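The structure under discussion appears below in the form of structure tokens.
Model, not experiment: these values are computed from the prediction.
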Amino acid sequence: MVLTYQSYAQKDKPQLIEVAAFGDYQPIGVKLAPSTNRLFVSFPHHEPYLYALTEIVDGKPVIYPDTAWNNYVPDEPDSHFVNVQDLYTDNRNFLWVLDSAPAGGAAIIGNTKSTTGKFKLVKIDLSDNTVKRTCNFDDLPKDKSALNDVRVDNSKQLAYLSDPGLRAIVVLNLVSGKSRIVLKDDKSTVIDPGFVLHLDDKDVVDTNGKPFASAINGIALTADNKYFYFRAINQTKLYRIQTAYLANVNLSDADLSSKVEMVAETGVCHGTIADKKGNIYLSDSPDHAIQYVTPDGKIHILVQDDRIIWPDSFGIGNDGYLYFSCSQMNRQPKYNNGKDMVAYPYRVFKAKLP
């Protein structure tokens with residue numbers, strides 16, 4: 001299935017609304033509890049540093065779930081957040097926190113000097129704000145993995161994660177705690193060779209002349225858990241696969257590759273999410289916009305605004321709004337010859353869903 005663009009010209013486009021501002025603290029993960037609309041925002045561990053995980057109350061970040069978990073104690077990763085990368089809220093009132101501190105150069109966001117990455121998926125009960133379980137990914141190669149985003153499929157008791165370090169999808173069995181690496185180095189999970197991001201009229205290249213590069217990164221799971229959408233940052237295509245295939249342990253990577261569908265040519269994209277109507281939302285960094293693919297195969301612009309700079313993580317509220325962070329990765333000094341080009345303050349925004 002290949003989808004086509006529809007004209008970006010729309011009447012009555014939603015306006016961008018600021019939800020919270022964080023000064024010079026960079027927000028990454030954004031998710032809302034489906035039943036209560038509680039808003040959670042995470043921050044990677046680099047200076048300046050706020051907290052790993054917060055709940056936004058009256059527009060202000062409040063430490064969550066408690067101070068102990070947010071104390072930075074990297075030598076005790078089982079009971080403290082190290083580098084919270086992504087969040088997911090499920091339909092059973094749980095918040096899933098992906099704490100991912102990749103080793104060395106595998107890191108996309110966040111700093112670590114260790115040669116072995118630290119990874120865990122933390123399950124928090126939103127009814128009493130307590131941690132119920134931690135999965136540690138003991139069977140992943142910790143020196144190469146760079147777990148980035150997570151989606152949880154309670155119907156199959158599985159979690160699906162993007163891993164740009166392994167250039168693969170990781171399927172975590174939530175019952176056994178064991179994980180599988182699938183579609184490694186598939187054409188759908190790798191970067192396009194030579195593809196350099198070009199944003200704000202310049203290539204995103206660091207002070208050493210190395211272009212920003214990330215393989216499979218943004219992911220989305222449909223509300224019925226039927227389809228898993230995914231894509232790399234350094235290519236232009238959006239793909240999907242049925243979760244029934246990802247759940248089938250008897251399928252080889254070759255089998256799985258034959259089940260992958262190229263959905264659309266969407267341009268440069270980072271964050272991805274699906275709503276209950278089957279729309280797939282994607283960031284559109286070159287155009288400072290958020291776009292979405294409708295079930296009828298059209299691509300639309302939801303909102304466009306100069307303040308939308310590297311939109312990173314999405315959440316959908318029960319109030320009919322799409323929430324998202326802007327990490328402004330391309331504005332960091334690393335990619336601007338040492339000059340800080342970030343448009344402060346960092347913010348989380350929202351825009352009305354179609």
Would a single hydrophobic cluster contain both [Y] and [X], if residues Ile, Leu, Val, Met, Phe, Trp and Tyr are joined by side-chain heavy-atom contacts under 4.5 Å?
| X | Y | value |
| --- | --- | --- |
| Leu353 | Val303 | yes |
| Tyr51 | Val348 | yes |
| Trp96 | Leu126 | no |
| Leu158 | Ile241 | yes |
| Val19 | Tyr321 | yes |

If I take atom [atom1] from residue [X] and atom [atom2] from residue [Y], how far apart are they, to the nearest 0.5 angstrom?
| X | Y | atom1 | atom2 | value |
| --- | --- | --- | --- | --- |
| Leu246 | Leu256 | CG | CG | 6.5 Å |
| Leu53 | Leu95 | CG | CG | 6.0 Å |
| Asn234 | Ile216 | CG | CD1 | 13.5 Å |
| Ile316 | Leu32 | CD1 | CG | 9.5 Å |
| Thr222 | Asp275 | OG1 | CG | 10.5 Å |
| Asn336 | Thr207 | CG | OG1 | 10.5 Å |

[X] side-chain N/O to [Y] backbone N/O, donor-acceptor pair under 3.5 Å:
| X | Y | value |
| --- | --- | --- |
| Ser42 | Gly29 | yes |
| Asn318 | Pro34 | yes |
| Ser283 | Gly271 | yes |
| Asn136 | Asp138 | no |
| Asp153 | Ala159 | no |
| Asn154 | Gln157 | no |
| Asp186 | Thr189 | no |
| Arg331 | Met341 | yes |
| Gln304 | Asp287 | yes |

Before you tell me yes or no, could you show the steps for Trp310 and Cys326 under side-chain contact (heavy atoms from CB on, under 4.5 Å), namely the whole-Å CA-CA distance, both residues' side-chain angles and the distance that decides it to 0.1 Å? CA-CA 5 Å; Trp310 197 294; Cys326 291; over 6 Å; no
After noting the C-alpha distance and the side-chain angles of Arg38 and Glu55, does the key distance pass the side-chain contact (heavy atoms from CB on, under 4.5 Å) rule? CA-CA 7 Å; Arg38 293 169 66 184; Glu55 180 177 0; 2.9 Å; yes
Kindly indicate whether a cation-pi arrangement holds for Arg151 with Tyr88, taking the cut-offs as under 6.0 Å to the six-membered ring centre and within 45° of the axis.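 Relative to the ring axis of Tyr88, which defines the angle, Arg151 lies outside at least one limit.
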Is the positively charged end of Lys259 above the ring of Tyr245, judged by distance under 6.0 angstrom from the centroid and angle within 45° of the axis?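 That pair qualifies as a cation-pi contact.
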[Y] versus [X], side-chain donor and acceptor atoms under 3.5 Å:
| X | Y | value |
| --- | --- | --- |
| Asn330 | Asp200 | yes |
| Ser214 | Asn217 | yes |
| Thr116 | Asp143 | no |
| Thr266 | Arg231 | yes |
| Gln85 | Asn148 | yes |

What pair of heavy atoms forms the shortest contact from [X] to [Y], and how long is it?
| X | Y | result |
| --- | --- | --- |
| Ala289 | Ile308 | N-CG2, 3.9 Å |
| Val84 | Val97 | CG1-CG1, 3.6 Å |
| Ile309 | Ala343 | CD1-CB, 4.0 Å |
| Pro164 | Ala146 | CD-O, 3.1 Å |
| Ile28 | Ser325 | O-OG, 2.7 Å |
| Lys118 | Pro74 | CE-O, 3.2 Å |

Working note: Asp255 + Ser252, criterion side chain to side chain donor-acceptor pair (under 3.5 Å); need CA distance, chi angles, decisive distance, verdict. CA-CA 5 Å; Asp255 295 329; Ser252 67; 3.1 Å; yes
Test log, rule side-chain contact (heavy atoms from CB on, under 4.5 Å), inputs Glu261 and Tyr227: CA-CA 10 Å; Glu261 302 174 55; Tyr227 284 103; 3.8 Å; yes
I'd like to check [X] versus [Y] (side-chain heavy atoms, cut-off strictly below 4.5 Å). Are they in contact?
| X | Y | value |
| --- | --- | --- |
| Ile290 | Ile301 | no |
| Ser100 | Val82 | no |
| Asp149 | Leu98 | no |
| Ser179 | Leu140 | yes |
| Lys120 | Pro77 | yes |

Could you walk me through whether Leu183 and Ser257 pass side-chain contact (heavy atoms from CB on, under 4.5 Å), step by step? CA-CA 7 Å; Leu183 290 173; Ser257 183; 4.1 Å; yes
Look at atom [atom1] of [X] and say whether more than 12 heavy atoms of other residues, nucleotides or ligands are closer to it than 6.0 Å.
| X | atom1 | answer |
| --- | --- | --- |
| Asn337 | CG | no |
| Lys339 | NZ | no |
| Lys178 | NZ | no |

Between [X] and [Y], is the gap from one ring center to the other below 6.0 Å?
| X | Y | value |
| --- | --- | --- |
| Trp69 | His80 | no |
| Phe43 | Phe22 | yes |
| Phe119 | Phe137 | no |
| Tyr281 | Phe314 | no |

Mind telling me whether Phe228 and Tyr160 have parallel, tilted or perpendicular rings, with 30° and 60° as the class edges?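 Geometry flag for Phe228 against Tyr160: tilted rings.
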Ring-plane angle category for Tyr346 and Tyr344, please: parallel below 30°, perpendicular beyond 60°, tilted otherwise.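 Perpendicular.
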ring-ring contact (aromatic ring centres under 6.0 Å, His included) evaluation trace for Phe349 with Tyr323: CA-CA 6 Å; Phe349 297 104; Tyr323 293 68; over 10 Å; no
Are the charged groups of [X] and [Y] less than 4.0 angstrom apart, N to O?
| X | Y | value |
| --- | --- | --- |
| Lys226 | Asp224 | no |
| Arg167 | Asp185 | yes |
| Lys187 | Asp192 | no |

Check Ser313, Ser285, Ser327 against His270 for a side chain to side chain donor-acceptor pair (under 3.5 Å) and give me the one that passes.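 Of the listed residues Ser313, Ser285, Ser327, the side chain to side chain donor-acceptor pair (under 3.5 Å) partner of His270 is Ser285.
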